[in-house]
Q: 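Right, I'll just put the structure down here and ask away after.
Just so we're on the same page: letters track the sequence lines, and every chain starts at 1. Keep in mind that this is a model prediction, so the values were computed, not measured.
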Amino acid sequence: MSTDAVAVLGFLVLFILMLLRVPVGMAMGLVGVTGYSYIVGPGPALKLVGQTSMRTVTDYTFGVIPMFMLMGAFVSISGVSKELFKAANAFLGHLRGGLGVATVIACGGFAAICGSSVATAATFSSVAYPEMRRYGYPQSFSTGVIAAGGTLGAMLPPSTVLAVYAIITQQDIGKLFMAGILPGLLAMAMYVMTIAIIVRVRPELLPAGEFKPWKERFKGLKDVWAPLVLFAFVIGGLYGGVFTPTEAGGMGAGGAFILGVVRGRLNRAQIREALLQATRTSAAVFTVLIGALLFGYFLTITQTPQKLTEFLTGMGIGRYGVLALIMVMYLVLGCLMDAMAMIILTVPIIYPVIVHMGFDPIWFGIIIVMTVELGLIHPPVGMNVFVIKSVVKDVSFTTIFKGVLPFVATDLIRLVILIAFPIIALWLPQRMG
Amino acid sequence: MKRNFMDRVIDSIEWLAAIFVGLVAADIFISVVLRKVFNTSIPDSYDFGRLLLGILIFWGIAATSYRGTHITVDLVWSSVGPRMKRAIDIFATLVLMFVVTVQTAMLFDKVRGTWNDNVLTYDLNIPTWPFFAIAWAGDVCAVVLIGIRTWRLIFQPELLSSKPETQANE
Amino acid sequence: QDKAVQLKLSSWVPAQHPLNPALQAWADDIKKASNGSITATLFPSEQLGKAFDHYDMARDGIADFAYVNPGYQPGRFPVMAGASLPFLFANGKSGSAAIDAWYRQYAAREMKDVKFCFAFVHDPGTFHSRKKITVPTDIKGMKVRPATSTVGQMITALGGTNVQASAPESRDMLERGVADAITFPWGSIGLFGIDKVTTFHMDSPLYVTPFVWVMNQGKYNAMSPAQKKVIDDHCTTEWAEKVASPWADFEFGGRAKIAAQPGHEVYKLTAEQTEAWKKAVAPGEAQWADSVKKAGQDPKAVMDSLKANLVKYKAAL
Ligand code: NA
Ligand code: NA
């Protein structure tokens, strides 16, 4: 068999194994090592397993993943999401659609300390959904705005997916985090505008809540100082060059722990729960990382990335044509996989193409994470939607997707804006020097 | 009764991994504070950090494998009937067991190599193989636990909750 | 007619690094000498595996030839660590010939899992810092990113703190004040942007990093006698110097470039200052001698031989 045929067969078997629910990382490892063994020999292939597994789990830079996960876990377990929502709601709840806007803003605030989009969506399903329903918001809109707001978790720093993208492509994690800030804020602004348009077109859909006196508003503001301080500390330290990314994660976790304990929001059981959460998600992510590296060595040996680059650039559809093609592929994959798995599996193959065509690697990180996040909310399936459904039991998938559609449309417009104006993503990291 | 015992074993394994997450965070936090405030450092904090990370991940993978909370593609699985679901689960677990067994064997090879080659930490020149060995023990646990999981899936499916919870992995 | 052999050459430095074209030229010469029966593909930038694993990769056949920094695994190659002791090498080109001629005697024993091809060094590196370093006592309280574990031990002995970071991360470390100084060769300073974050450069050949280029033993054994001869002819002291030369030139040229940049201070040491440094680093040699003794070798004989070769090839300080 030619190496090309082996590579194609490898992809085929990989997809079959994944569809048969073999864990993504294990499937990649198995196919990668088998293919490698066919081309290079079983001896080196087996040695590669031990070497790659041990090297990956003892790589200091990868420590950034469990650290930011731990920070997010401490923060969400200490009840910050509720406070953020309460504060935003005190100011905006009395307006038509105000609860929706409050949800977007609270999601953004939570995203500034939590690195995961799915976790953000899960949190607000239990915090904001019951409130919106209480004031008569329809199920579809309430779940839709949470699904969309959740994606802010991966765009605004810290972001685990952006960190993993940075590690895979050997880019600066700090710069990628900075690059996510303006597109994240743009997303919030555009979600708010979307809600405003919905209110304009169907005013009866989103009734106003009650007016909260100024006293209560300021009380709400007083409760949210802790997450703001933590964000300023971690992201400011990263931007200002005080910490390295892994250190920022460790400082964030330590800071969240101290704040939680001092404010009496973390007891022993909750500390334990946060540590366990971080362990579980890290173990799952590292399994995929190891598998992807093994699969990647197989692809290197078959020279797949070079051949793909030649093929795509030889198609004569121009660099934006190729970019569009890649994004369509991601949207399709978004029906199958979660964001992290998609990034880890595909970036090593796609990245050389992007660099070859002269796109900016930092900018592409933002574009790709946005596209992948879009995959988490667009029909027919999406991770954020699944998570919301697991929290809000009595709602159907169709209802959630109906509610999320206006936000999917907004996201597509935002994607076009970011492709047309890369400076939105690149302005902050360029100022970092 | 038997099930309670098993659950306690898994809980302990997971808790062990979780303690190491805390240790890594503490290692980083304390090193940064020492550096910024006292202009000094824990010797080998870099090597300790990454070696503890290795331990936490392999012990974490043991628990994750037993609970069936790895990142998976559920598209087909979620759209078929219970019999088919069970068949898919058994197949996937058998593959998982095969992969983790091979990985564990090769990791042993790696631990032995590190021991033979006298690889030391950077500052204190402590041998690194004991850390690797503890991490490897986590993978051994994974094999045992996946074995138990496979046995139960095939012969005592009522003992495993039929629907592993979907997990947020990102 | 010899059977066609394909070789995977693995280098962990980025594609644009001057070592890669030199390795490619070496491989091209092998192809020519073997009448095309031995061909090679060079994989740069850690495509086949991480930098730290390159020795094992050659041993296990993951790569057929691998570029190894033995210092990445402190304790594993005690004899070779002797070459990374401070103030031995005057330059990279003839220094490469010297280290190769010297290490050839020990390679079969210390690197027994692989077929040793040749050893080489880069042009000597030195301190680049944010605060001026002239005497050993200046290191006290400083945070330094050392190039090798031997330099690291010197920093610890002088009361400084080591900061570990990969070459690409180093700039960040300096910018963030995680490190105050770095030991680095001159040309690479510009390559990794470290000239943007350091001002002071001590003009003294402080240290070199030893490297080896090794082969998978099984791959060698499976070759025909004629092919083996081609490989042997390319694993020589002459080739060590030839492969190391473009990189040495590149690093050497870096000094003039930095000196020409405004805002940089490149300063020489007085004879007394140099003497103080040599005295300060002496305990490092004792520590190294212990580890060599433990490995069953005579440290004095090893060091004398290294110094003799350095003199012979005109690379001694
Ligand atoms: Na975030
Ligand atoms: Na989708």
Side-chain angles (χ1 to χ4, degrees), chain A residues 3 33 36-37 39-62 64 166-175 237-248 293-294 296-306 348 351-352 355 432-433, chain C residues 6-16 41-64 66 72-73 113-114 130 143 145 163-179 192-193 195-197 216-219 222:
Chain A
T3 51
V33 172
Y36 191 92
S37 160
I39 293 169
V40 180
L46 284 172
K47 291 284 188 177
L48 198 62
V49 176
Q51 176 189 296
T52 306
S53 306
M54 202 52 105
R55 184 61 65 200
T56 308
V57 301
T58 57
D59 189 331
Y60 190 83
T61 20
F62 283 137
V64 71
I167 295 173
I168 295 175
T169 59
Q170 301 189 316
Q171 295 295 316
D172 186 310
I173 296 180
K175 285 196 172 149
L238 197 57
Y239 184 72
V242 182
F243 316 130
T244 65
T246 307
E247 287 176 349
L293 277 166
L294 289 169
Y297 292 136
F298 164 58
L299 293 181
T300 303
I301 286 294
T302 56
Q303 307 216 306
T304 304
Q306 290 94 314
Y351 184 71
V355 173
M432 262 176 100
Chain C
Q6 279 185 316
L7 298 174
K8 300 187 295 292
L9 317 182
S10 184
S11 129
W12 40 266
V13 285
Q16 67 275 19
T41 313
L42 176 66
F43 294 92
S45 335
E46 302 192 306
Q47 284 182 60
L48 294 182
K50 296 291 168 199
F52 290 85
D53 291 319
H54 269 59
Y55 180 83
D56 291 344
M57 284 159 58
R59 180 193 65 192
D60 299 336
I62 293 167
D64 300 316
Y72 275 156
Q73 293 172 304
D113 320 294
V114 295
R130 300 165 74 90
K143 292 160 292 193
R145 187 268 185 188
V163 176
Q164 283 196 62
S166 68
E169 283 168 347
S170 302
R171 180 207 161 126
D172 257 22
M173 297 288 174
L174 286 157
E175 197 172 19
R176 289 170 192 188
V178 177
F192 291 98
D195 55 337
K196 305 265 190 324
V197 290
N216 176 265
Q217 188 70 56
K219 195 81 178 185

Q: Where does Met173(C) contact chain A at under 4.5 Å (heavy atoms): side chain, backbone, both or neither?
A: side chain
Q: What I'd like to find out is whether the side chain of Val57(A) reaches to under 4.5 Å of the side chain of Ser53(A), using heavy atoms alone.
A: no
Q: Using a cut-off of under 4.5 Å for heavy-atom pairs, which of Val178(C), Asn216(C), Leu48(C) has the most such pairs with chain A?
A: Leu48(C)
Q: Does CD belonging to Gln170(A) count more than 12 external heavy atoms closer than 6.0 Å?
A: no
Q: Could you tell me which portion of Pro305(A) (side chain, backbone, both or neither) has an atom closer than 4.5 angstrom to a non-hydrogen atom of chain C?
A: neither
Q: For Thr41(C), which atoms come within 4.5 Å of any heavy atom of chain A: side chain, backbone, both, or neither?
A: side chain
Q: Where does Tyr36(A) contact chain C at under 4.5 Å (heavy atoms): side chain, backbone, both or neither?
A: side chain
Q: Given that the side chain runs from C-beta out, which part of Lys196(C) has a heavy atom under 4.5 Å from chain A: side chain, backbone, both or neither?
A: neither
Q: Taking side chain as everything from C-beta outward and backbone as N, CA, C, O, which of these in Phe43(C) sits under 4.5 Å from a heavy atom of chain A? Side chain, backbone, both or neither.
A: side chain
Q: Just wondering, do Lys47(A) and Asp56(C) contact through their side chains at under 4.5 Å, heavy atoms?
A: no
Q: Please test Ile173(A) against Ile167(A) for side chain to side chain contact (heavy atoms under 4.5 Å, CB included), starting from the C-alpha separation and ending with a verdict.
A: CA-CA 7 Å; Ile173(A) 296 180; Ile167(A) 295 173; 4.0 Å; yes
Q: Using non-hydrogen atoms only, which part of Thr52(A) is less than 4.5 Å away from chain C: side chain, backbone, both, or neither?
A: neither
Q: So, using salt bridge (Lys or Arg N to Asp or Glu O under 4.0 Å) as the criterion, who are the partners of Lys143(C) when residues are at least two apart?
A: none
Q: If the condition is ring-ring contact (aromatic ring centres under 6.0 Å, His included), which residues does Tyr351(A) pass it with, not counting sequence neighbours?
A: none
